[in-house]
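Heads up, the thing below is written out as structure tokens.
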There are 2 protein chains.
Amino acid sequence: MPRAATTTDAFNAVAEPRRREILDALAEGERPVNDLVMLLDLAQPQVSKHLRVLREVGLVVSRDEGRQRVYRLNGRPLKTIYEWVSRYERTWNEKFAALDDVLDDLKQKEKPNARKRR
Amino acid sequence: MPRAATTTDAFNAVAEPRRREILDALAEGERPVNDLVMLLDLAQPQVSKHLRVLREVGLVVSRDEGRQRVYRLNGRPLKTIYEWVSRYERTWNEKFAALDDVLDDLKQKEKPNARKRR
DNA sequence: AAATTATATGCCGATATAGGAATATATCAA
DNA sequence: TTGATATATTCCTATATCGGCATATAATTT
């Protein structure tokens with residue numbers, strides 16, 4: 001069984017750094033494909049392919065404008081990632097870590113035989 | 001050129017749902033491999049393999065305890081993901097969106113020929 | 001109609017998966 | 001020492017990917 005398709009979800013789509021760059025560029029405003037090509041210094045077909053993946057997971061939407069196709073960001077699917085990773089904020093944030101220590105101490109007073117984590 | 005290795009960074013390591021499950025389990029406290037095997041209902045070799053990937057990107061560390069190997073979470077590498085995805089919070093958060101609208105209006109008063117996004 | 005511009009798709013090749021099964025290694029128990 | 005337990009590694013196979021290149025499609029201009 002190979003890896004899950006890049007179009008499976010936002011997690012997989014966004015694991016590719018070029019696609020994150022594309023999203024970053026679109027965060028400043030919608031753009032036609034060729035703008036992205038020049039901005040990111042990528043070959044046009046690769047940009048179109050990356051955009052296809054991003055569209056399939058709903059991270060971008062497009063609109064035709066003459067012979068250009070203008071792509072626009074839709075960050076909504078990133079919410080899933082944000083929500084998952086947010087739960088871990090305490091593991092690198094010192095303030096949270098300090099708070100956890102206090103809470104651990106309180107718990108230990110309640111049940112003296114509980115063992116401490118972290 | 002194939003996809004970037006799963007061990008390239010946290011983005012790639014965490015794109016696999018089983019590995020997220022493992023991290024979720026470890027978030028509650030360190031555990032030996034077999035605990036994870038039973039908890040997640042996965043085959044032992046697959047768990048070991050997933051743990052290897054997680055270790056290579058620094059998301060877990062291990063400690064030997066008798067014949068068990070106890071794994072502990074290190075969320076630090078997730079910070080990169082958090083920081084990247086946080087920049088997009090406004091794209092799904094209504095409050096931010098409303099704020100952006102206000103800011104857009106203010107900008108339009110300054111330069112009347114600026115065009116509006118979103 | 002022909003040429004130009006903008007974008008998408010198709011084909012190719014190399015490669016790193018993920019799971020399954022078997023096996024290796026290492027520690028502990030009898 | 002033998003057996004049991006805990007974990008890691010190896011071999012297997014199928015497949016999706018990424019980039020490069022060529023080409024298809026579609027709209028616009030001359």
Side-chain angles (χ1 to χ4, degrees), chain A residues 1-23 25-26 29-73, chain B residues 1-23 25-26 29-73:
Chain A
M1 208 169 271
R3 226 199 288 201
T6 54
T7 53
T8 302
D9 53 25
F11 277 102
N12 284 278
V14 145
E16 160 66 49
R18 313 300 188 130
R19 283 194 283 268
R20 290 200 299 278
E21 287 179 21
I22 290 177
L23 294 179
L26 293 180
E30 58 184 25
R31 288 184 189 284
V33 178
N34 231 336
D35 274 29
L36 295 169
V37 169
M38 291 189 296
L39 207 63
L40 307 179
D41 196 39
L42 290 176
Q44 177 268 316
Q46 330 300 333
V47 172
S48 281
K49 285 176 199 168
H50 284 313
L51 285 169
R52 190 191 216 284
V53 173
L54 293 173
R55 182 165 43 79
E56 286 194 34
V57 297
L59 278 167
V60 298
V61 293
S62 66
R63 164 171 60 84
D64 284 8
E65 197 166 278
R67 49 180 155 185
Q68 327 208 67
R69 187 160 290 178
V70 180
Y71 280 87
R72 182 164 48 87
L73 171 71
Chain B
M1 208 169 272
R3 228 201 286 203
T6 54
T7 53
T8 302
D9 53 26
F11 277 103
N12 283 278
V14 146
E16 161 65 51
R18 312 300 187 132
R19 285 196 282 269
R20 290 202 297 279
E21 286 179 21
I22 290 179
L23 294 179
L26 293 180
E30 56 183 28
R31 290 183 189 284
V33 179
N34 231 335
D35 273 30
L36 295 169
V37 169
M38 290 189 297
L39 205 63
L40 307 179
D41 196 39
L42 290 176
Q44 177 269 316
Q46 332 299 335
V47 173
S48 282
K49 287 179 202 166
H50 283 314
L51 284 169
R52 191 192 216 282
V53 173
L54 293 173
R55 181 164 44 76
E56 287 193 36
V57 297
L59 277 167
V60 299
V61 293
S62 67
R63 163 173 58 87
D64 283 8
E65 199 166 277
R67 50 182 154 181
Q68 326 209 71
R69 185 160 291 179
V70 181
Y71 280 88
R72 183 163 48 86
L73 171 71

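Residue numbers begin at 1 in each chain, while the letters A, B, ... track the order of the sequences. Scope of the values below: all heavy atoms of this structure, side chains included, with no hydrogens, waters or symmetry mates.
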Checklist entry - Which is it for Glu30(B) and Arg63(B) under the side chain to side chain contact (heavy atoms under 4.5 Å, CB included) test, yes or no, and what are the steps along the way? => result CA-CA 10 Å; Glu30(B) 56 183 28; Arg63(B) 163 173 58 87; 2.3 Å; yes
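- Whole-Å rounding puts the Arg20(B) CZ to dA18(C) P distance at 12 Å.
- In this structure, Leu42(A) places its CG atom 7 Å from P of dG19(D), rounding to the nearest Å.
- Following rounding to the nearest Å, Gln46(B) (CD) and dT17(C) (P) show an atom-to-atom distance of 15 Å.
- Look at Arg52(B) and you'll find a side-chain N or O under 4.0 angstrom from OP1 or OP2 of dT9(D).
- dG19(D) atom P lies 13 Å from atom CG of Leu51(A), rounded to whole Å.
- Look at Arg69(A) and you'll find a side-chain N or O under 4.0 angstrom from OP1 or OP2 of dA8(C).
- Checked against dT7(D), dA8(C), dT15(D), the side chain of Ser48(A) finds its nearest nucleotide in dA8(C).
- Taking only side-chain atoms of Arg67(B), from C-beta outward, the nucleotide of dT7(D), dA29(C), dT7(C) with the closest atom is dA29(C).
- In this structure, Ala43(B) and Asp35(A) both approach DNA chain C, and ranking their closest nucleotides by distance from the 5' end singles out Asp35(A).
- Between Tyr71(B) and dA6(D) there is no side-chain polar atom (N or O) within less than 4.0 angstrom of OP1 or OP2.
- Residue-to-nucleotide proximity on DNA chain D shows that, of Val70(B) and His50(A), the 5′-proximal contact is made by Val70(B).
- Contacts of Arg55(B) with the nucleic acid, taken as non-hydrogen atoms under 4.0 Å apart, are absent.
- Taking side-chain N and O atoms only, Arg3(A) has no distance below 4.0 Å to OP1 or OP2 of dA14(D).
- Rounded to a whole Å, the CD atom of Glu65(B) is 16 Å from the C1' atom of dA26(C).
- Gln68(A) places its CD atom 22 Å from the P atom of dT25(D), with the value rounded to the nearest Å.
- As rounded to whole Å, 13 Å separates atom P of dT7(D) from atom CD1 of Ile22(B).
- At a cut-off of 3.5 angstrom, counting only N and O atoms as typed in the model, there is a donor on one side and an acceptor on the other between the side-chain of Gln44(B) and the base of dA8(D).
- Between Lys49(B) atom NZ and dA18(C) atom C1' there is a gap of 7 Å when expressed in whole angstrom units.
- For Gln68(B) (side chain) and Val70(B) (main-chain N/O), no donor-acceptor pair under 3.5 Å exists by modelled atom type.
- You'll find the side chain of Leu26(A) reaches within 4.5 Å of the side chain of Val60(A), heavy atoms only.
- Residues Arg3(A) and Arg3(B) are in side-chain contact: their nearest non-hydrogen atoms beyond the backbone lie under 4.5 Å apart.
- Applying the 4.0 Å criterion to OP1 and OP2 of dG19(C), one finds that Arg18(B) has a side-chain N or O inside that range.
- Of the residues near DNA chain C, Asn34(A) and Ala4(A), the one whose nearest nucleotide (by heavy atom distance) lies more toward the 5' end is Asn34(A).
- The phosphate of dT17(D) (OP1 or OP2) has a side-chain N or O of Thr6(A) nearer than 4.0 angstrom.
- Heavy-atom distances to DNA chain D give each of Gly66(A) and Pro45(A) a nearest nucleotide, and the one nearer the 5′ end belongs to Pro45(A).
- With hydrogens and angles disregarded, a donor-acceptor distance shorter than 3.5 Å links the side chain of Asp9(B) to the backbone of Asn12(B).
- Residues Arg18(A) and Gln46(A) are not in side-chain contact: their nearest non-hydrogen atoms beyond the backbone lie 4.5 Å or more apart.
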